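Before any comments, here is the structure.
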Number of protein chains: 2
Amino acid sequence: MKNRNKNITIYDVAHALSVSATTVSRALKDHHSIGKDTKKKVKKMALAMGYEPNAIASGLRKKKTHTIGVLVSQINRPFISSLISGIEEVANKNKYHVFITQSHDSYEKEVEDIKAFYNNRVDGLIVSLAMETKKYDHFLPFLKNNYPLVFADRVTYEIETDKIVVDNFEAAFKATSHLIQQGYKRIGHLAGAQQRHMYKKRLDGYTAALIKHGIQPEESLIYYSNLSQQEGWNGAKLLLGQTVKPDAVFAANDTSAVGFMQYAEQLTNYSIPHNLGVVGFNNDPISSIVRPKLTTINHPAMEMGKKAAELVLTKISGNSYTTIPQTITFNTDLIIRESSMKK
Amino acid sequence: MKNRNKNITIYDVAHALSVSATTVSRALKDHHSIGKDTKKKVKKMALAMGYEPNAIASGLRKKKTHTIGVLVSQINRPFISSLISGIEEVANKNKYHVFITQSHDSYEKEVEDIKAFYNNRVDGLIVSLAMETKKYDHFLPFLKNNYPLVFADRVTYEIETDKIVVDNFEAAFKATSHLIQQGYKRIGHLAGAQQRHMYKKRLDGYTAALIKHGIQPEESLIYYSNLSQQEGWNGAKLLLGQTVKPDAVFAANDTSAVGFMQYAEQLTNYSIPHNLGVVGFNNDPISSIVRPKLTTINHPAMEMGKKAAELVLTKISGNSYTTIPQTITFNTDLIIRESSMKK
DNA sequence: AATATTTACGCAATCGATTGTGTAAATAAA
DNA sequence: TTTATTTACACAATCGATTGCGTAAATATT
């Protein structure tokens, strides 16, 4: 079946009124050089004919699409969806539309999606990197042509551009110190991919807290993974199955913390928090649904999204006072709940 | 700061090789009328110069953007994100890109987003309606111009177009019957917005199951809301606070079921499932994280997404044998867990 | 009354890729 | 050898909206 596209254009409207397309175009956006009556006439006719502007044509001519692209690993993570909500709020207020795609933590998909965003000439880009990503050449078209590019949360320092992050080191330090203060002695860590700066920093903060309190970090208490729930379970199985067992764990996210807790739950000799402490990261909704409720780190995802969008929009408008890439660091809160309350 | 866009076009590549833009365009997509050597030369030069196709220009000319738009209420719901993953899988396999936006269940945002999708001339559209939506005129541009439009999950029967749904009536019937079989006598229902056909069907299935088993439905046991966790809590507070209390509840989603459970948990006179049964809907990850684990309805979100994308793509390609709108109904499974095991 | 300015609109080029048509030259078929 | 056919490329129009420039008429200024 043929798609008979009888899309109404400004030419159709122009013809119907015996004016030029120029006049229609200008009338529709209240250009000063168009008479009041003409504007009214044109708008009325456009509405009547069901005219809808073709953003493609406009974008081509103006080299501006009024869209910003957002690439994240997965949209179904609470942190990410809050981040996106923040981005949307600011973008929509400024008449920008937000298009979202997810890399599913695959480098190839990330490259594909970034290319698609560039080919479709989004006016700006906000990215939270895939776990896998180690090369960054796919961002070159954006950088070369001076398109605003902001990294959020999962950032890289190999590219000089704006970044929105939380103080992961300090957060991990706080979380680990809290466990120590509660009297836990051998604290393990569920760590993420170390090419992601944020996970490295969480590991660093964890290590620093141990050292600060005179505890020798042990590599055998650290489990590296993609931090899925399954991997949290696997991590628990491995760590709690060793001869040198941890009596607490700081997980780099809530998801893996929950997996960890679930494995421990079905072992009769463990009881959280009495002889096993758990702290997560993100303050996902599940963290207050699991029993015992999970102590975790809260970060202002929505605010981070707003700030990211703000940065992009400022750059787009050309009103930015500085062209030097900035890194904006947000603070975090330790939310103490039952899972770490040994005392 | 000016955005000096020195984007490379086919003209630049053509000029560098002293051939025509036509040749470059055709060479890049292996048109038969271009010589082997020329193709090689062009591709090499395009790569060297960092040429990237301008999808905007191509889209304008071809009236095809190779993108499909997806509008959902919220991306952070497990069902929705699985649906989207299914859509992406099929779309990407067919070289289509998927742009996602969320209505946040607001009618206004839905209208805005649909307009943006139309203005950007996505080749097809997949929609899960906002809770609020009662008018459907905003889909007219798509319908009039014969753009493929598929509704998924949250559908309306006021528009004649393809729909992907689950058998909500049967699922609710199964869930409610299960509670009855377990020996619960007064079964309540956490219901969603009744303008959404799916929630109406769930209510209907619930009612039918009661009647089938000789139980008189009572309006006082039904709590209508947006099915948020908070509303689940509120529903529990109201229903369990009445003189005629339910001894079980069938919630139209897992989120509200969890809220319901949490309210009941802090009442000393209730113990799930012994004197209070709970069944949810969706099989969200939280349903197996809450304790007791939640009995729920599983539906094939990913498959539904795949099918939706398939329908859209078939329509786009014009290979569809029929133009009659079809409704595809998927079956569901009752997943029995602890929260409803009275026996 | 003469000139300057404002108002209101149209012409035609432009954004970048695509495509129907035209045309040489090379090869194949007769 | 002559006529078809294929190969390989270019010209120019096109998609739809925008915009610099031009111009006639209306109004304001001196």
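Below, chain A is the first sequence line, B the second, and so on; all start at residue 1. What you see is a predicted model; the values in this text were computed from it and never measured.
Distance CD/B:Glu110 to NE2/B:His104: 12.5 Å, rounded to 0.5 Å.
Evaluation of the side chain to side chain donor-acceptor pair (under 3.5 Å) test over residues 41-57 of chain A, restricted to residues two or more places apart or in two chains, returns A:Asp30-A:Lys43. For residues 7-46 of chain A, the set of pairs meeting the ring-ring contact (aromatic ring centres under 6.0 Å, His included) definition, not counting sequence neighbours, is empty. Every pair passing ring-ring contact (aromatic ring centres under 6.0 Å, His included) that includes a residue from residues 112-141 of chain B is listed here, sequence neighbours excluded: A:Phe99-B:Phe117, B:Tyr107-B:His138, B:Tyr118-B:Phe142, B:Tyr118-B:Tyr147, B:Phe139-B:Phe151. The salt bridge (charged side-chain N to carboxylate O under 4.0 Å, His left out) pairs that include a residue from residues 149-161 of chain B are B:Asp105-B:Arg154, where partners are two or more places apart or lie in different chains. The stretch residues 87-97 of chain B participates, sequence neighbours left out, in these salt bridge (charged side-chain N to carboxylate O under 4.0 Å, His left out) pairs: A:Lys109-B:Glu88, B:Glu89-B:Lys93, B:Glu89-B:Lys306.
Taking atom CZ on A:Arg61 and atom P on D:dA17, their separation rounds to 13 Å, with Å as the unit. Separating the CD1 atom of B:Ile8 from the P atom of C:dA17 is a distance of 10 Å, rounded to the nearest angstrom. At whole-Å resolution of the value, CG in B:Asn7 and P in C:dG16 are 7 Å apart. Rounded to whole Å, atom P of C:dC15 lies 19 Å from atom CG of A:Asn119. Following rounding to the nearest Å, B:Ile10 (CD1) and C:dT18 (P) show an atom-to-atom distance of 7 Å. Per the geometry, CD1 belonging to A:Ile56 stands 13 Å off P belonging to D:dT18, to the nearest Å.
Contacts of B:Ser58 classified as side-chain contact (heavy atoms from CB on, under 4.5 Å), with partners at least two apart in sequence or in another chain: B:Lys62. Scored by the side chain to side chain donor-acceptor pair (under 3.5 Å) test, A:Thr67 finds A:Thr65 as partners (sequence neighbours excluded). Among residues two or more places apart in sequence or in another chain, the side chain to side chain donor-acceptor pair (under 3.5 Å) test is passed with A:Thr327 by none.
For the segment residues 17-27 of chain B, residues with any heavy atom less than 4.0 angstrom from an atom of DNA chain D are, sorted by number, B:Ser18, B:Val19, B:Ser20, B:Thr22, B:Thr23, B:Arg26. The stretch residues 28-43 of chain A comes close to DNA chain D through A:Lys29, each having a heavy atom under 4.0 Å from the strand.
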Under a 4.0 Å heavy-atom criterion, the protein footprint on nucleotides 23-29 of chain C, written with B, S and -, is -------
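A close approach under 4.0 Å does not occur between any side-chain nitrogen or oxygen of A:Tyr11 and OP1 or OP2 of D:dT14. Distances shown here put a side-chain N or O of B:Lys63 below 4.0 Å from the OP1 or OP2 atom of D:dG16.
Side-chain proximity of B:Lys62 to C:dG16, D:dA17, C:dT19: nearest is C:dT19. Among the nucleotides C:dA17, D:dT19, D:dC15, the one closest to the side chain of B:Leu60 is D:dC15.
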For residues 68-77 of chain A, please give each side-chain donor-acceptor pair under 3.5 Å, one per line with the distance, not counting sequence neighbours.
residue	atom	partner	partner atom	Å
A:Ser73	OG	A:Arg77	NH2	2.7
A:Gln74	NE2	A:Asn76	OD1	3.2

side-chain contact (heavy atoms from CB on, under 4.5 Å) evaluation trace for B:Leu311 with B:Gln326:
CA-CA 9 Å; B:Leu311 274 182; B:Gln326 42 189 317; 3.6 Å; yes
